[in-house]
Amino acid sequence: MKEILRNLLLQAADTLLARNELVLNSQPEFGIERTRNSAHGDFASNIAMILAKTQQRNPRELAQALVGALPASDAVEKVEIAGPGFINFFLTTRAYHDELRRVFHEGGDYGRSRQGVHKIVGVEFVSANPTGPLHVGHGRAAAIGDTICRLLDATGWNVTREFYYNDAGAQIANLALSVQARCKGIEPDDPRWPADGYRGEYIREIARAYMTRETAGRDDSAWDTDLMASGDPDDLDAIRSFAVNWLRHEQDQDLRAFGVEFDVYYLESSLYADGKLDNVVKRIIDEGHAYEADGALWLKSTDFGDDKDRVMRKSDGTCTYFVPDIAYHYSKWQRGYKRAITELGADHHGSLARVRAGLQALDLGIPKGWPEYVLHQMVTVMRGGEEVKISKRAGGYVTLRDLIDEVGRDATRYFLICRKSDSQLVFDIDLARAQSFDNPVYYIQYAHARICSVQRQMHERSIVFDRKPALASLDRLQSEHAQTVLREISRYPEVVEAAAACLEPHLLAQYLRELAQAFHTWYNAEQFLIEDEALRDARLALAFGTRQVLANGLDLLGISAPETM
RNA sequence: GCGCCCGUAGCUCAAUCGGAUAGAGCAUCGGCCUUCUAAGCCGACGGUUGCUGGUUCGAGUCCAGUCGGGCGCGCCA
């Protein structure tokens, strides 16, 4: 719909241009938006006020000229000029009927578009260290990252989901020591317990499995073989491999239960094995962006906007954590991702400048703003009005698995996605569990189930719904409630586009609630299965169209659309 | 001390990349089931968008400052 109006305005501008009533040296950048107030029509454009600046003209007068030059369209009922120079468009009911017909015509593809067609984008998210189970924060990362992927896919991008495993380094060594201690029967409060060891119960479980020579699971392609525990408590290498494999398997199971699957698992250890890490360090030295001091090698990250230089290689010869990050992101660039998105917890935002600086230091023409980052703020979990602490070291914290088991996958995903990612989130377990209207996810699903129920009733009463005559009788939809539903449906493609463009999935979550609300209101006001055939057809068409849009939207959120509840 | 994010109704949060009269849900109060799912609907109540300036046709949104909260600032990851 928006595109129709945009084209009309551009044609009008062209007409004025041809008449020398307008001077432009570039395509005008202007907005067309849904109005908040129906007295202002359906859409409003600020084009006249934008152009007024460069044209040195009165915006209302300019708006008048533009409106005068607008080509005729059967989508537009009337056009008004209002306020400081808004051009308000009132659309015909026909325009809305056409949109509903499009829903039926395009079905599951309604709302999909092709802006990103043929372009590839790599999206990295979760990337949890394999040192423990996934917690709520990872859940938020998973929900946001996966939904962004679905949105990008819906707007024509070719998306690869990628998970980066820090399976090398100090935390992993710490993990191995912790499991080893458990293997030897050492408890966390024992003086022999490793400093900063992981104290959680899952460590005991891994140790038990290792000692009883279980097989650590494996169901992704990044590992070559299943790993058999040797059962030897002195073989730290074996313990490390086993523990990492075990935890990766657990994490993978949890993510699958959450409806999230990855295309690529990228292992930090592979950067050491194949020399990528050394190459990156060498390249940065060769480009003159590094120097030796105090026995360490420093990156001159201040050359690229960081507030201080950073140690790349410590005096003990090992690299600091962000060097593999640089090498890893460089590998994305090498693999052809002109667009890459990295989803991270906001507590890591400090590394962002470092990684970008390192990529600039390679001097390989990687754009300054590459990769794009999406950061999410912390999640606080509430239960019974009290905060549930999540600390990995302390043990007993709320895992993603706990939430999925207790709250359910759909509600968990919805709650983690429904707020803007850069605002802190309070996850109220009691509210998320509530099987009531308090719970927005059920509210949306209920709308879908209700429509399915109507369809079942229809069959029971042997009423036949034929799409063609139904879509021809939409003029019978006169009520304000039905009009509201029509309007909400027509917004869907715009919402998908905006959510994908801004990488803000919460816009879609919010919208689906509004669509469901419009439907529930209408449902309560009017009967669908009535005697008047044409009116019945029209109402059923609108109801089934609503169901389609709800299903499409829920699918993009990775939430099921149940037929009964 | 420096950097990033956030301050919006009693609570949890929106607000279409500067748009017109700031919106939902929860909570509170009052209505609606011989009707396709009441897991629903309608109405009422609720605001100086932390504060002070600035930019312009127009600011919750942008800028400066200030107060409050979170996170980060290591030869940890």
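Below, chain A is the first sequence line, B the second, and so on; all start at residue 1. Side-chain atoms are counted along with the backbone in the values below, which use heavy atoms only and exclude waters and symmetry mates.
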Does [N] have OP1 or OP2 sitting under 4.0 Å from an N or O in the side chain of [X]?
X	N	value
K308(A)	G74(B)	yes
R539(A)	C36(B)	no
T131(A)	A77(B)	no
H459(A)	C36(B)	no
K420(A)	A15(B)	yes

Between [N] atom [atom2] and [X] atom [atom1], what is the distance in whole Å?
X	N	atom1	atom2	result
D306(A)	C4(B)	CG	P	12 Å
D309(A)	G74(B)	CG	P	13 Å
E514(A)	G25(B)	CD	P	10 Å
N129(A)	A77(B)	CG	P	10 Å
L416(A)	C13(B)	CG	P	13 Å
E526(A)	U35(B)	CD	C1'	13 Å
Y446(A)	C36(B)	OH	P	11 Å
L425(A)	C5(B)	CG	C1'	15 Å

What is the per-nucleotide protein-contact pattern of nucleotides 16-24 of chain B, from the 5' end, where B denotes a base atom under 4.0 Å from a protein heavy atom, S denotes such proximity for sugar-phosphate atoms only, and - denotes neither?
B--BBB---
Going by atom types alone, do Y321(A) and N166(A) pair a side-chain donor with an acceptor below 3.5 Å?
no
Judged by modelled atom types alone, do Q445(A) and D410(A) share a side-chain donor-acceptor pair under 3.5 Å?
yes
Please measure how far the [atom1] atom in [N] lies from the corresponding atom in [M], and state the result in whole Å.
N	M	atom1	value
U61(B)	A38(B)	C1'	40 Å
G70(B)	G43(B)	C1'	39 Å
G46(B)	U55(B)	P	35 Å
U48(B)	G30(B)	C1'	30 Å
A77(B)	C17(B)	P	40 Å
G69(B)	C29(B)	C1'	33 Å
C11(B)	C73(B)	C1'	34 Å
C42(B)	C51(B)	C1'	39 Å

Let's see if you can work this out: which of C76(B), C36(B), C5(B) has an atom nearest to the side-chain heavy atoms of K314(A)?
C76(B)
Residue D347(A), side-chain heavy atoms: nucleotide from C36(B), C71(B), A77(B) that is nearest
C71(B)
[Y] and [X], any side-chain heavy atoms less than 4.5 Å apart:
X	Y	answer
F125(A)	I144(A)	no
V549(A)	Y511(A)	yes
S45(A)	L5(A)	no

Ring center gap for H349(A) and Y373(A) short of 6.0 angstrom:
no
Taking atom CD of Q455(A) and atom CG of L529(A), what is their separation to the nearest 0.5 Å?
10.5 Å
Let's test this: given Watson-Crick or G-U wobble pairing with both distances under 3.5 Å, identify the partner of [N].
N	answer
C76(B)	none
G43(B)	C29(B)
U8(B)	none
U56(B)	none
G65(B)	C51(B)
G3(B)	C71(B)

For a quick check of understanding: with a heavy-atom distance under 4.0 Å over all strands, which category does [X] fall into, base, sugar-phosphate or nothing?
X	value
D316(A)	nothing
T521(A)	sugar-phosphate
S315(A)	base

Is a donor-acceptor contact shorter than 3.5 angstrom present between the side chain of H349(A) and the base of G3(B)?
yes
May I ask you to verify whether the side chain of S423(A) and the base of C6(B) hold a donor-acceptor pair under 3.5 Å?
no
Electrostatic pair [X]-[Y], nearest N-O below 4.0 angstrom:
X	Y	value
D325(A)	R354(A)	no
E504(A)	K420(A)	no
R34(A)	E494(A)	yes

If anything within 90° of 0 is syn and all else is anti, what is C33(B)?
syn
Anything under 30° is parallel, anything over 60° is perpendicular, the rest tilted; go ahead and classify [X] against [Y].
X	Y	value
F415(A)	F427(A)	tilted
Y328(A)	Y266(A)	tilted
F519(A)	W522(A)	perpendicular

Would you list the protein and nucleotides 8-10 of chain B atom pairs, both N or O, that sit under 3.5 Å from each other?
none

